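Below, all heavy atoms of this structure are taken into account, side chains as well, without hydrogens, waters or symmetry copies. Values in this document were obtained by computation on a predicted structure and should not be read as measured data.
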Amino acid sequence: EHSRMPPATSVYSPLGQEDGVGGPKPGLSQQEQAGWLSQLLFMWISPLLAKGYSKKLEMEDVPENSTYMRAQKMMERWTTLWEAAAEHKKPARRMVAVMWPFVKRTWILQILMKIVGDLLRFMQPMCLQVIIQWLGDVNAEPPFWASFVAAEYRGAYYVVVMIGAMLAQGLVYTHCFFLGGEMAFAARSTTILAIYQKALGQAIHARADTTTGKVVNLMSSDCTRLQW
């Protein structure tokens, strides 16, 4: 009878996938294997937070990074884009031509999220206004988004909409900041990798005008400016 029981399902497993069925896909991070609800609520990071609460984290405890954020993948893309932008003679223009494909999609998505978050922010005082109006007159003319609700239930409906708008706004802004952090990390990391590769590929006579301190400053201080 025990053999007929379905396998236990973890809270942190991807939705629709049971533990032991399919199993984790090799080479993919916890974030990439998480289901849509786990991605939406950042539940995929809960096991790491729980482990960090119980003990001091070590490098072995930190899960693998997402595939598209790994150094090898980013460097391969950087090299391809750098060679494709060879027609730009000025280094600054070539740098912009290389970095734009890295940040374009995330940047546009961030703008859309910011617009949605700002619209949700305006919903809260709007709901508060109609709640005050409803308390003064239950039969007052409702806004178009509450016209289908019966007059006696509109107050509860306004409260639910206001709370939902607050939660949705926080969630949208959190994802917006998360995407911004990923975008900044990718820009900084790829630049450091490019500088490091350039330093390693230089001939000995070409290093005469480049000190170790200058390379370290480029990799630490100057590249950090891209992140912020």
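- Here Met95 contributes atom CE and Leu81 contributes atom CG; the two are 11.5 Å apart, rounded to the nearest 0.5 Å.
- Heavy-atom contacts from other residues, nucleotides or ligands closer than 6.0 Å to CE of Met162 number more than 12.
- Rounded to the nearest 0.5 angstrom, Cys176 SG and Lys114 NZ are separated by 7.5 Å.
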Original post:
Does the side-chain contact (heavy atoms from CB on, under 4.5 Å) test come out yes or no for His175 and Phe42, once each step is laid out?
Top reply: CA-CA 9 Å; His175 278 277; Phe42 295 97; 3.5 Å; yes
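- One N or O on the side chain of Arg77 and one on the backbone of Pro101 form a donor-acceptor pair closer than 3.5 Å.
- Between Tyr173 and Phe178, the ring center distance fails the sub-6.0 Å criterion.
- Taken to the nearest 0.5 Å, the NZ atom of Lys90 stands 15.0 Å off from the CZ atom of Arg94.
- A donor-acceptor contact shorter than 3.5 Å links the side chain of Arg154 to the backbone of Val149.
- Cluster annotation: Ile131 and Tyr153 are assigned to the same hydrophobic cluster (Ile/Leu/Val/Met/Phe/Trp/Tyr, side-chain heavy-atom contacts under 4.5 Å, transitive).
- Closest approach of Val172 to Gly117, counting heavy atoms only: CG1-N, 4.0 Å.
- More than 12 non-hydrogen atoms from other residues, nucleotides or ligands lie less than 6.0 angstrom from CD of Glu87.
- No hydrogens or angles considered: nothing links the side chains of Glu141 and Gln133 as a donor-acceptor pair under 3.5 Å.
- Atoms CD and CD1, from Gln124 and Ile163 in turn, are 10.5 Å apart once rounded to the nearest 0.5 Å.
- Within the model, atoms CG of Leu49 and CG of Leu57 stand 8.5 Å from one another, a figure rounded to the nearest 0.5 Å.
- Ile45 contributes atom CD1, which lies 8.5 Å from atom CD of Gln31 (distance to the nearest 0.5 angstrom).
- Under a hydrophobic-cluster definition in which Ile, Leu, Val, Met, Phe, Trp and Tyr are linked whenever side-chain heavy atoms come within less than 4.5 Å, directly or via other members, Val103 and Leu179 are assigned to different clusters.
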**OP:** For the pair Met123 and Leu119, evaluate side-chain contact (heavy atoms from CB on, under 4.5 Å) and give the outcome as yes or no after the intermediate values.
**Re:** CA-CA 7 Å; Met123 281 293 296; Leu119 292 176; over 6 Å; no
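- Heavy-atom contacts from other residues, nucleotides or ligands closer than 6.0 Å to CH2 of Trp100 number more than 12.
- Put simply, the side chain of Trp134 gets close to the backbone of Ala151: a donor and an acceptor are under 3.5 Å apart.
- Of the possible polar contacts, none joining the Ser38 side chain to the Gly35 backbone as a donor-acceptor pair under 3.5 Å is found.
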Original post:
How far apart are the C-alpha atoms of Thr106 and Glu182, what are their side-chain angles, what is the distance that settles it, and do they pass the side-chain contact (heavy atoms from CB on, under 4.5 Å) test?
Top reply: CA-CA 9 Å; Thr106 304; Glu182 277 195 335; 5.9 Å; no
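- More than 12 heavy-atom neighbours from other residues, nucleotides or ligands sit within 6.0 angstrom of CZ on Phe148.
- Under a 3.5 Å cut-off, the side chain of Ser46 and the backbone N or O of Met43 do form a donor-acceptor pair.
- Listed for the Thr190 side chain is no donor-acceptor partner under 3.5 Å among the backbone atoms of Trp78.
- Using cut-offs of 30° and 60° on the angle between ring planes, the pair Tyr158 and Trp145 is perpendicular.
- His88 places no side-chain N or O within 3.5 Å of a backbone atom of Ala97 that could act as its donor or acceptor partner.
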**OP:** Just do the side-chain contact (heavy atoms from CB on, under 4.5 Å) check on Glu60 and Glu58 with the steps written out, would you?
**Re:** CA-CA 5 Å; Glu60 294 77 13; Glu58 300 178 0; 3.5 Å; yes
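- Shown here is Glu76, whose CD atom has more than 12 heavy atoms of other residues, nucleotides or ligands within 6.0 Å.
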